[in-house]
Amino acid sequence: MARFELKLPKMGESVAEATVTNWLKNVGDKIEQDEAVLEIATDKVDSEVPSEVAGTLVEILFQKDDVVQVGQTIAIIETEGGDVTIEAPKTETATAPVAEVIKTVEVAKEAVAPADFSSSDKFFSPLVKNIAKEEGISLAELESINGSGKDGRVNKEDILNYIKNRGSQTNVQHSVNSVQQKVTPKETTQTTQAVPVSVNGADEIVEMDRMRKLISKYMVESVQTSAHVQSFIEVDVTNIVKWRDKNKNAFEKREGEKLTFTPIFMEAVAKALREFPGMNISVDGDYIIKKKNINLGMAAALPNGNLIVPVIKNADQLNLVGMAKAVNDLGNRAKAGKLKPDDTQGGTYTVTNVGTFGSVFGTPIINQPQVGILALGAIRKVPAVIETPEGDFIGIRQKMFLSHSYDHRVVDGALGGSFVKRVADLLESWDINREI
């Protein structure tokens with residue numbers, strides 16, 4: 001018999017950990033090669049971990065809701081007839097240091113007690129509270145800070161300045177936080193929240209699922225991080241509508257793919273980003289990172305109502321056929337829950353189609369750390385003034401709104417407005433005789 005270590009596989013360039021959401025096999029169960037053993041979830045997608053060998057599951061090292069690092073052993077599978085035994089990680093050498101660390105934590109806890117900011121009569125923003133928790137600032141300390149905000153409120157700069165000038169107590173608490181995260185990460189990160197009670201007895205109270213909680217967290221953080229500004233522009237897409245109506249059946253017959261409006265719009269956005277590289281950047285503190293590749297995220301609604309953003313890599317290098325295939329592939333796999341973690345990584349700019357649900361325009365929230373997101377409104381037939389050499393007249397045109405949200409910390413109105421205007425010009429100049 002041989003023992004095989006089932007490890008958490010690498011799931012993408014920037015994915016370092018995952019949460020165990022469900023074990024599909026129990027100890028003692030037989031497992032076939034490539035059969036799924038457990039389900040995991042990253043901060044973007046859910047996926048399965050298959051076994052690389054056939055055998056019997058003899059040990060489970062992580063339970064449901066545990067966080068596992070990429071490369072860590074999560075289970076032991078016993079195989080038959082194997083000659084190579086991969087030993088499980090040794091933990092004896094870590095016993096003494098861990099005991100010492102736990103002792104240090106207990107001593108430090110007596111000196112520094114955790115703060116309960118909910119008991120304060122003063123208002124503190126979520127950002128300030130999070131910084132205070134990370135830095136081990138007590139409630140008394142937080143209340144003693146002189147705020148420079150409205151009505152004396154403590155803002156980000158106030159608390160950062162306090163931390164900068166703080167005494168040795170900060171170093172003690174930093175040690176406590178660091179040790180606690182290494183020894184008992186679940187105890188230090190989980191908080192107990194009281195379940196709300198239905199006053200009239202008729203209201204239904206449902207806890208958010210994991211993805212909804214993550215979306216909520218990211219959206220709030222984005223608004224707190226970026227100075228959101230919007231620009232709106234109306235676009236005449238009559239030629240695009242006529243061209244698609246003329247070519248969609250032949251395209252589907254030839255390529256086996258549906259031709260929607262989305263790849264047409266994505267192609268225009270990719271071209272505009274190539275001309276305006278200032279929109280294809282990200283922000284890291286006081287630094288701007290200019291992205292070499294143009295990777296377009298396309299926000300997609302899932303059947304359960306949640307949102308996910310798969311990414312089209314190197315979108316500017318695709319022709320319209322390639323773009324259509326990429327859009328359809330990612331969209332179909334998103335609906336089926338078959339996206340891989342790497343499918344949602346590396347985006348440099350995002351496009352969301354609010355027109356799918358009939359919205360004329362919207363004010364989308366930036367997908368951090370990107371600096372812009374474009375919302376596509378619904379295409380509508382509207383009366384419009386048409387200019388001709390013989391004079392102006394009123395006609396029926398197909399029009400839509402483009403809504404561009406951008407980060408005013410690094411993108412000024414000239415760049416944000418010029419970019420969305422360029423996207424509009426590319427769409428309005430569409431060649432109705434274009435071959436595909």
Side-chain angles (χ1 to χ4, degrees), residues 229-255 257-276 279 296 298-301 312 315-316 318-321 323-324 327-328 331 349-364 372-406 413-436:
V229 177
Q230 283 83 29
S231 292
F232 306 94
I233 190 166
E234 192 174 26
V235 188
D236 189 330
V237 292
T238 305
N239 285 346
I240 292 177
V241 173
K242 290 180 179 178
W243 179 87
R244 175 180 172 271
D245 288 342
K246 184 175 68 174
N247 291 278
K248 63 181 181 180
N249 291 334
F251 180 86
E252 184 173 2
K253 183 177 180 181
R254 188 186 75 194
E255 303 293 340
E257 301 276 354
K258 290 187 178 298
L259 179 61
T260 64
F261 289 110
T262 301
I264 298 174
F265 299 142
M266 298 294 266
E267 181 190 56
V269 172
K271 288 180 178 179
L273 284 172
R274 198 161 52 205
E275 297 178 26
F276 292 87
M279 289 304 311
L296 287 184
M298 44 174 273
I312 302 172
D316 58 320
L318 298 176
N319 60 19
L320 192 56
V321 175
M323 187 72 78
V327 167
N328 291 342
Y349 188 87
T350 299
V351 179
T352 179
N353 191 351
V354 299
T356 301
F357 310 103
S359 296
V360 178
F361 56 80
T363 54
I373 180 172
L374 185 71
L376 309 172
I379 298 175
R380 304 164 301 132
K381 289 183 178 180
V382 297
V385 176
I386 302 174
E387 298 179 358
T388 69
E390 290 76 26
D392 299 342
F393 65 93
I394 300 295
I396 302 300
R397 306 294 290 177
Q398 301 267 12
K399 290 195 174 188
M400 65 180 294
F401 280 99
L402 301 179
S403 309
H404 187 209
S405 292
Y406 47 95
L415 174 57
S418 298
F419 170 78
V420 71
K421 179 64 167 58
R422 181 55 180 154
V423 175
D425 290 342
L426 288 169
L427 296 177
E428 289 190 339
S429 62
W430 186 268
D431 182 5
I432 197 168
N433 296 315
R434 176 177 175 176
E435 294 184 0
I436 186 171

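- Side-chain contact between V351 and L376: present, with at least one pair of heavy atoms (C-beta onward) separated by less than 4.5 Å.
- Checking side-chain atoms of S359 against main-chain N and O of G355 turns up no donor-acceptor pair under 3.5 Å.
- Side-chain contact between T352 and L374 is absent, with no heavy atoms from C-beta onward closer than 4.5 Å.
- Taking the side chain as every heavy atom from C-beta outward, E252 and L259 never approach each other to under 4.5 Å.
- The main-chain N or O of I373 is never found under 3.5 Å from a side-chain atom of T350 such that the two would form a donor-acceptor pair.
- Rounded to the nearest 0.5 Å, atoms CZ (F276) and NZ (K421) are 10.0 Å apart.
- Using a 4.5 Å cut-off on side-chain heavy atoms (C-beta onward), K258 and K248 make no contact.
- A distance-only check finds no donor-acceptor pair linking the side chain of W430 to the backbone of V237 [under 3.5 Å].
- Of all the heavy atoms in L426 and A272, the pair that sits closest is CD1-N, 4.1 Å.
- Counting heavy atoms from C-beta outward, N433 and K246 have side chains that approach closer than 4.5 Å.
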Residue pair R254, E435: steps toward the salt bridge (Lys or Arg N to Asp or Glu O under 4.0 Å) verdict
CA-CA 13 Å; R254 188 186 75 194; E435 294 184 0; over 6 Å; no
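- Counting heavy atoms from C-beta outward, M323 and T262 have side chains that stay 4.5 Å or more apart.
- In this structure, F261 and N353 have side chains that are not in contact, with every pair of non-hydrogen atoms separated by 4.5 Å or more.
- Residues S405 and P364 come closest through the heavy atom pair OG-O, 2.8 Å.
- Counting heavy atoms from C-beta outward, V269 and R274 have side chains that stay 4.5 Å or more apart.
- Judged purely by distance below 3.5 Å, without hydrogens or angles, the side chains of T363 and Q230 never pair a donor atom with an acceptor atom.
- Rounded to the nearest 0.5 angstrom, E275 CD and D316 CG are separated by 11.5 Å.
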Can you give each donor-acceptor pair under 3.5 Å made by side-chain atoms of residues 389-404, sequence neighbours left out, with the distance rounded to 0.1 Å?
residue: R397; atom: NE; partner: D236; partner atom: OD2; Å: 2.9
residue: R397; atom: NE; partner: T238; partner atom: OG1; Å: 3.4
residue: R397; atom: NH2; partner: D236; partner atom: OD2; Å: 3.4
residue: S403; atom: OG; partner: G362; partner atom: N; Å: 3.2
residue: S403; atom: OG; partner: G362; partner atom: O; Å: 3.1
residue: H404; atom: ND1; partner: G416; partner atom: O; Å: 3.0
residue: H404; atom: NE2; partner: Y349; partner atom: OH; Å: 3.0

